[in-house]
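Quick one: the structure is below, and I'll ask about it shortly.
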Amino acid sequence: MKFELQHTDNASDARTGLITTAHGQIKTPIFMPVGTCGSVKGVHIAELEEQVKAQIILGNTYHLYLRPGLDILKAAGGLHRFNAWNHPILTDSGGFQVFSLTGIRKLREEGCEFRSHIDGSKHFFTPENVMDTERIIGADIMMALDECPPGKSDYAYARKSLALTQRWLDRCIARFNATEPLYGYSQSLFPIVQGCTYKDLRREAAKFVADKGADGNAIGGLAVGEPTETMYEMIEVVNEILPKDKPRYLMGVGTPQNILEAIERGVDMFDCVMPTRNGRNAMLFTYEGTMNMKNKKWESDFSPIDPEGCHVDRVHTKAYLHHLFKAQELLAMQIASIHNLSFYLRLVTDAREHIEQGDFVKWKASIIHQLGRRI
């Protein structure tokens, strides 16, 4: 993987870049649709390419490990061939999902024992077997196994957790370096910066990660309940240390406002389930604000969903989408998901253009407040 830093903003830390992987290039800043089980919910790959204009999608190691399972994925030749997505893929390590299984997982130095949410069967993740699993999935970018502690963890627990994450990272790197890709193309491993909301721990974690010289680096453990301003502060602390010549990935974030604020602070890559999850619940994101398509006010509104949006936005009306949600038609969730993902990709593309033009901060200030208002 290669990363070329292309433009930097004069008034902020915002920047544009180009990531080159074995499955294609990614223009940053970028939003990555989440394909938890190998598919982005309700959106076919043709729509991801043609309407959403996605450049990279995510797969989830925990879910793919459990179903369809590693034997099927390996027999298929990896996730790219299994789901027919011929562009870059990033896999998380499954750590966040495992550590969310409160009460049905046990953490120790070797790794984490957990029970499947599907059938209750017992499993064990270690840094080594997670690297092996991500090799089998075949993602272009693999994430290291880490512990994602609760956002309100006390300092003692946060420090203990960070130390474990760092030891696990060393084991991930050792296993990654000792193994080869399975499908004839290279893969990259990104470490994850943890440390909760404690500045000294975040600095320590960022320095530890930066010293590994990885192809890129991730910031984890944010947007898990801490105040938004605290999240922005932690991003600033970490990005002061993470190398500028490597892509920075903020995991699991977030709202359109969150993304613009993070871009201003030097983040390059984002993912979140919000566009599809909120879309399935009739909430649409637009430059004018958010729309609840179940509200009666849209019942006789025959204007396009978004005249500046993708194909489904221009050919379908607000009234039609309102009707589909009221009738509980599956097409409602599909249209809303395509719209939201398309909007998120449009947002980061517009951000890229304004960084290149040198007026990103001014543009952001002109739209940031209306993005969150309810229409």
> Are His63 and His117 close enough that their ring centers fall under 6.0 Å?
Replying inline: yes
>> When you measure from the centre of the six-membered ring of Phe208, is the NZ or CZ of Lys212 closer than 6.0 Å and no more than 45° off the axis?
In response: yes
> Do Arg115 side-chain atoms and Gly120 backbone N/O form a donor-acceptor pair below 3.5 Å?
Replying inline: yes
> Do the ring planes of His323 and Tyr320 sit parallel (below 30°), tilted (30 to 60°) or perpendicular (above 60°)?
Replying inline: tilted
>> I'd like to know if the side chain of Asp140 pairs up with that of Tyr185 as donor and acceptor (distance under 3.5 Å, no hydrogens or angles considered).
In response: no
> Who pairs with Met283 by side-chain contact (heavy atoms from CB on, under 4.5 Å), at least two apart in sequence or on another chain?
Replying inline: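 side-chain contact (heavy atoms from CB on, under 4.5 Å) list for Met283, sorted by chain: Asn278, Phe285, Thr290.
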>> Tell me if a side-chain donor or acceptor on Arg265 pairs with a main-chain N or O of Asp13 at a distance below 3.5 Å.
In response: no
> Between Asp306 and Arg346, is there a salt bridge with N-O shorter than 4.0 Å?
Replying inline: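 Answer for the salt bridge query: yes.
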> Should the heavy atoms of other residues, nucleotides or ligands under 6.0 Å from CG of Asp71 be counted, would the total exceed 12?
Replying inline: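 No, not enclosed.
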>> Evaluate Asp271 against Asp92 for side chain to side chain contact (heavy atoms under 4.5 Å, CB included), listing each step before the verdict.
In response: CA-CA 11 Å; Asp271 80 285; Asp92 63 18; over 6 Å; no
> Looking at Pro247 and Ile19, what are the two nearest heavy atoms and their distance?
Replying inline: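 Reported closest heavy-atom pair: CB-CD1, 3.9 Å.
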> Could you state the interatomic distance from CG (Leu201) to CG (Leu162), rounded to the nearest 0.5 Å?
Replying inline: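 So the gap between those two atoms works out to 6.0 Å.
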> Looking at side-chain heavy atoms only, is the closest gap between Asn83 and Ile57 below 4.5 Å?
Replying inline: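 With C-beta onward as the side chain, the pair touches.
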> Any idea which heavy atoms bring Ser186 and Pro181 closest together, and the distance?
Replying inline: CA-CG, 4.2 Å
>> Tell me if the aromatic rings of Tyr183 and His80 count as close, with their centers under 6.0 Å from one another.
In response: no
> Take atom CZ in Arg167; do more than 12 heavy atoms of anything else shown fall under 6.0 Å from it?
Replying inline: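 Yes, CZ of Arg167 has more than 12 neighbouring heavy atoms, counting only those of other groups under 6.0 Å.
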> Got a donor-acceptor contact below 3.5 angstrom from the Glu134 side chain to the Ala139 backbone?
Replying inline: no
> Does any donor atom in the side chain of Ser303 or Lys318 lie under 3.5 Å from an acceptor atom in the other side chain?
Replying inline: yes
>> With rounding to the nearest 0.5 angstrom, report the CG to CG distance, Leu345 to Asn340.
In response: 11.5 Å
>> I'd like to know if Glu236 and Lys199 make a salt bridge, using a cut-off of under 4.0 Å between side-chain N and carboxylate O.
In response: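 The answer is no: the pair does not qualify as a salt bridge.
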> Would you find more than 12 non-hydrogen atoms of other residues, nucleotides or ligands less than 6.0 Å from Arg373 atom CZ?
Replying inline: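 Counting neighbours around CZ of Arg373, more than 12 heavy atoms of other residues, nucleotides or ligands fall under 6.0 Å, so yes.
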>> Strictly distance-based, threshold 3.5 Å: is any side-chain N or O of Asp9 a donor or acceptor partner for the main-chain N or O of Ser12?
In response: yes
> Same cluster for Val312 and Phe302 if Ile/Leu/Val/Met/Phe/Trp/Tyr side chains link at under 4.5 Å?
Replying inline: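 The answer is no; the residues belong to distinct hydrophobic clusters.
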>> A side-chain contact here means heavy atoms from C-beta on lying under 4.5 Å apart; do Ile263 and Ile355 qualify?
In response: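 SC-SC contact between Ile263 and Ile355 confirmed.
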> Under 3.5 Å, is there a donor-acceptor pair between the side chain of Arg15 and the main chain of Lys244?
Replying inline: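 Indeed, once roles are kept as given, a pair shorter than 3.5 Å links the two residues.
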>> With heavy-atom distances below 4.5 Å as the criterion, would you say the side chains of Met142 and Met131 are in contact?
In response: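 Counting from C-beta outward, Met142 and Met131 do come under 4.5 Å.
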> For atom CD of Glu109, is the number of surrounding heavy atoms from other residues, nucleotides or ligands below 6.0 Å larger than 12?
Replying inline: yes
> Measuring from Tyr344:OH to Thr255:OG1, what's the distance to the nearest 0.5 Å?
Replying inline: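 Atom-to-atom, Tyr344:OH and Thr255:OG1 are 6.0 Å apart.
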>> Ignoring hydrogens, what is the shortest heavy-atom contact between Pro275 and Leu341? Give both atom names and the distance.
In response: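 Shortest heavy-atom contact: CB-CD2, 3.8 Å.
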>> So which atom in Cys196 and which in Ser153 form the shortest heavy-atom distance, rounded to 0.1 Å?
In response: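 So the minimum-distance heavy-atom pair works out to SG-CB, 4.0 Å.
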> Quick one: does Arg352's side chain have a donor or acceptor within less than 3.5 Å of a partner on Gly17's backbone?
Replying inline: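 Yes: the side chain of Arg352 pairs with the backbone of Gly17.
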>> Main chain of Gln334, side chain of Ser337: is a donor-acceptor contact present, judged purely on distance under 3.5 Å?
In response: no
>> Is it the case that the side chain of Asn295 and the backbone of Lys297 share a donor-acceptor pair, with hydrogens and angles ignored and the cut-off at 3.5 Å?
In response: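 Not confirmed, Asn295 side chain does not pair with Lys297 backbone.
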> How long is the span from the CG atom in Leu321 to the CE atom in Met333, to the nearest 0.5 Å?
Replying inline: 11.5 Å
>> Can a side-chain donor-acceptor contact be found between Glu49 and His87 if the only test is distance below 3.5 angstrom?
In response: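 Their side chains do contain a donor-acceptor pair, which is all the 3.5 Å distance test asks for.
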> Going from CD1 on Ile30 to CD on Gln25, what distance comes out if it is rounded to the nearest 0.5 angstrom?
Replying inline: 12.0 Å
> Any donor and acceptor pair, going by atom type alone, linking the side chain of Trp363 with main-chain N or O of Ser366 inside 3.5 Å?
Replying inline: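 Pair absent, no side-chain N/O of Trp363 close to backbone of Ser366.
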> What residue among Arg135, Arg171, Arg175 forms salt bridge (Lys or Arg N to Asp or Glu O under 4.0 Å) with Glu128?
Replying inline: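 Passing option: Arg171.
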> Would Leu189 and Ile173 satisfy side chain to side chain contact (heavy atoms under 4.5 Å, CB included), going step by step from the backbone distance to the final call?
Replying inline: CA-CA 8 Å; Leu189 174 63; Ile173 292 172; 4.0 Å; yes
> Is the closest basic N to carboxylate O distance between Lys326 and Glu299 below 4.0 Å?
Replying inline: no
> Of all heavy-atom pairs between Cys112 and Phe114, which one has the smallest distance, and what is that distance?
Replying inline: O-CD2, 3.7 Å
> Going hydrophobic residue to hydrophobic residue with side-chain gaps under 4.5 angstrom, can you get from Leu330 over to Val315?
Replying inline: no
> What distance do Phe360 atom CZ and Leu260 atom CG have between them, rounded to the nearest 0.5 Å?
Replying inline: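 The CG atom of Leu260 is 5.5 Å from CZ of Phe360, to the nearest 0.5 Å.
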> Does a side-chain heavy-atom distance below 4.5 Å link Leu164 with Lys160?
Replying inline: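 SC-SC contact between Leu164 and Lys160 ruled out.
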> What heavy-atom pair brings Ile192 and Thr165 nearest, and what distance separates the two atoms?
Replying inline: O-CG2, 4.3 Å
> Step by step, would you call Tyr65 with Gln97 a side chain to side chain contact (heavy atoms under 4.5 Å, CB included)?
Replying inline: CA-CA 12 Å; Tyr65 162 82; Gln97 285 70 31; over 6 Å; no
> Quick check: does any side chain N or O of Glu226 sit under 3.5 Å from a backbone N or O of Ala223, one acting as donor and the other as acceptor?
Replying inline: yes
>> For residues 148-177, which residue pairs pass the ring pair (Phe, Tyr, Trp, His ring centres under 6.0 Å) check, not counting sequence neighbours?
In response: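 Ring pair (Phe, Tyr, Trp, His ring centres under 6.0 Å) check on residues 148-177 returns Tyr155-Tyr198.
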>> Side-chain heavy atoms nearer than 4.5 Å, only ILVMFWY residues, links allowed to pass through others: does that put Leu331 and Leu48 together?
In response: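 Yes, same cluster.
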> What do the steps show when you test Ile335 against Ile305 for side chain to side chain contact (heavy atoms under 4.5 Å, CB included), and what is the final call?
Replying inline: CA-CA 10 Å; Ile335 289 173; Ile305 296 170; 3.8 Å; yes
